[in-house]
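Please read the structure below before turning to the comments.
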Amino acid sequence: DALILSIYLNDTEDTKNWKELTVWRERMMPRVPGRVTAALMRRLRTVAWIYLRLEQARCRREFANYYAFLYRDDYSGWLRFVQALHTFREACDKSGCRLLAVVWPNLTELDPKRYPFHFAHEKIGAALKKEGIETLDLRPVFLGRNPVRMQGMPGVDGHPTEIAYRMGAETMFGAMLANGILPQTHVPKNNPNAIRPGWERIFVRMTHPESFTASNTVQAAVLKADDR
């Protein structure tokens, strides 16, 4: 048996102290302008553009500050997170279950030179190593990708899209095969050519319909087409 533990960078939040998190989340939102500023923003697009850009820059700073807070050594959420890793590892050891921790990057900024959360990955990695937990860090899979394609709602909801989940799942599958968590019998047969015959049939049907019948094999149809 095997257990995959997916870790997102905000998993160190202490949800038992929700009021504290609410204060932080409010700080990461654009501030509602005063009456005069709001009136100017409604009348003048330039004022609205400048206000929004200034607020977006402030929100990005607060976002970075928030994650720095989540990974303080004395933060209750971090301490609970470390204890949870220990609990997972002990439970898997007792049951004889392999444990693989998969660390997802924050998908809001994926430029390798500007990604601001390397420190969080390193701290999580150190905690996992201390517990002796096998680890797969997905940073190499996503850094350099277009973050707009990876986020559920760009700029609003940073959870992975279907595309991002598919990329992560394929990487996990490969890692589990490579590390012996899954036996080689799970390798797809005829991979990566399993679907090629079907595409060959479609190709012949579309380019040489006179050479194709439903009962023909792909090979026979291709040979007949080549003879022409």
Side-chain angles (χ1 to χ4, degrees), residues 4-32 51-89 99-131 133-165 167-169 171-172 175:
I4 297 177
L5 176 62
S6 283
I7 297 174
Y8 297 90
L9 299 191
N10 66 335
D11 283 347
T12 58
E13 292 175 333
D14 186 355
T15 54
K16 288 192 172 183
N17 193 349
W18 194 250
K19 288 184 178 180
E20 184 178 51
L21 296 181
T22 300
V23 171
W24 272 104
R25 292 183 181 188
E26 182 64 26
R27 289 168 62 177
M28 292 185 285
M29 296 289 289
R31 290 173 292 195
V32 177
Y51 182 91
L52 188 57
R53 292 302 179 274
L54 289 173
E55 281 300 296
Q56 287 174 340
R58 185 191 62 77
C59 289
R60 284 194 295 271
R61 291 193 298 271
E62 292 292 355
F63 193 61
N65 292 337
Y66 176 59
Y67 275 86
F69 167 75
L70 293 183
Y71 285 88
R72 282 172 32 185
D73 289 335
D74 60 348
Y75 173 55
S76 58
W78 169 253
L79 297 173
R80 289 168 58 86
F81 175 80
V82 171
Q83 180 58 45
L85 295 181
H86 180 74
T87 301
F88 270 108
R89 197 262 303 160
L99 175 60
L100 174 66
V102 180
V103 184
W104 289 75
N106 187 295
L107 300 174
T108 56
E109 173 59 79
L110 296 176
D111 185 329
K113 295 182 180 179
R114 298 173 56 188
Y115 184 69
F117 303 110
H118 290 296
F119 74 93
H121 288 262
E122 301 307 320
K123 190 160 187 174
I124 291 173
L128 291 167
K129 184 177 181 180
K130 185 176 180 180
E131 287 293 336
I133 298 174
E134 297 177 72
T135 305
L136 174 63
D137 191 325
L138 294 180
R139 272 182 296 178
V141 178
F142 291 101
L143 293 188
R145 303 282 183 176
N146 182 349
V148 173
R149 299 293 302 278
M150 301 296 109
Q151 299 176 63
M153 187 179 293
V156 179
D157 182 1
H159 286 89
T161 59
E162 180 184 355
I163 297 172
Y165 274 125
M167 292 167 60
T171 305
M172 292 178 214

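All of these numbers come straight from a predicted model, not from anything done at the bench.
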Run the ring-ring contact (aromatic ring centres under 6.0 Å, His included) test against W24 and tell me which residues pass, sequence neighbours left out. Y66, F69
With a 3.5 Å distance limit and no angle check, can you tell me whether E13 reaches the backbone of L70 through a side-chain donor-acceptor pair? no
Quick check: do R149 and T161 have side-chain heavy atoms less than 4.5 Å from each other? no
Heavy-atom pair of closest approach, residues S6 and W104: OG-NE1, 3.6 Å
What do the steps show when you test V102 against L138 for side-chain contact (heavy atoms from CB on, under 4.5 Å), and what is the final call? CA-CA 7 Å; V102 180; L138 294 180; 3.6 Å; yes
How far does CG of D11 sit from CD1 of I124, to the nearest 0.5 angstrom? 7.5 Å
Just wondering, do E109 and R60 contact through their side chains at under 4.5 Å, heavy atoms? no
Residue pair C59 / P30: nearest heavy atoms and the distance that separates them: SG-N, 3.5 Å
Flag the pair Y71 / Y75 as yes when their ring centroid distance falls below 6.0 Å, and as no otherwise. no
Evaluate the side-chain proximity of M150 to I163: yes if any heavy-atom separation is below 4.5 Å, no if none is. yes
Do the non-hydrogen side-chain atoms of F142 and T171 ever get within less than 4.5 Å of each other? no
Which atoms form the tightest heavy-atom contact between L107 and P160, and what is the distance? CD1-CA, 3.7 Å
Do V141 and M172 have side-chain heavy atoms sitting under 4.5 Å apart? no
Could you report the tightest heavy-atom contact between R31 and Y51, atom names first, then the distance? O-OH, 2.6 Å
Is it true that a side-chain atom of Q151 and a backbone atom of P147 form a donor plus acceptor pair closer than 3.5 Å? yes
Quick check: are there more than 12 heavy atoms from other residues, nucleotides or ligands sitting under 6.0 Å from NE2 of H86? yes
Count the heavy atoms belonging to other residues, nucleotides or ligands that lie under 6.0 Å from CZ of R53, then report whether that count exceeds 12. yes
Say you draw a straight line from CE of M28 to CD of E62; how long is it, rounded to the nearest 0.5 Å? 8.5 Å
Any heavy-atom pair between the side chains of L5 and L85 that's under 4.5 Å? yes
How far does CG of L9 sit from CG of N106, to the nearest 0.5 angstrom? 6.0 Å
Answer yes or no: is there an ion pair linking R72 with D74, defined by an N-O contact shorter than 4.0 Å? yes
So, R58 side chain and M29 main chain: donor-acceptor pair closer than 3.5 Å or not? yes
Quick one: are H121 and P105 in side-chain contact, heavy atoms under 4.5 Å? yes
Does I133 offer a backbone N or O that forms a donor-acceptor pair with the side chain of T135 under 3.5 Å? yes
Taking the side chain as every heavy atom from C-beta outward, state whether K123 and W78 have any atom pair closer than 4.5 Å. yes
Heavy-atom count around R145 CZ within 6.0 Å, excluding the residue itself: above 12? no
Parallel, tilted or perpendicular: which one describes the rings of Y67 and F63, with boundaries at 30° and 60°? perpendicular
Step-by-step side-chain contact (heavy atoms from CB on, under 4.5 Å) determination, R80 to T15: CA-CA 10 Å; R80 289 168 58 86; T15 54; 5.5 Å; no
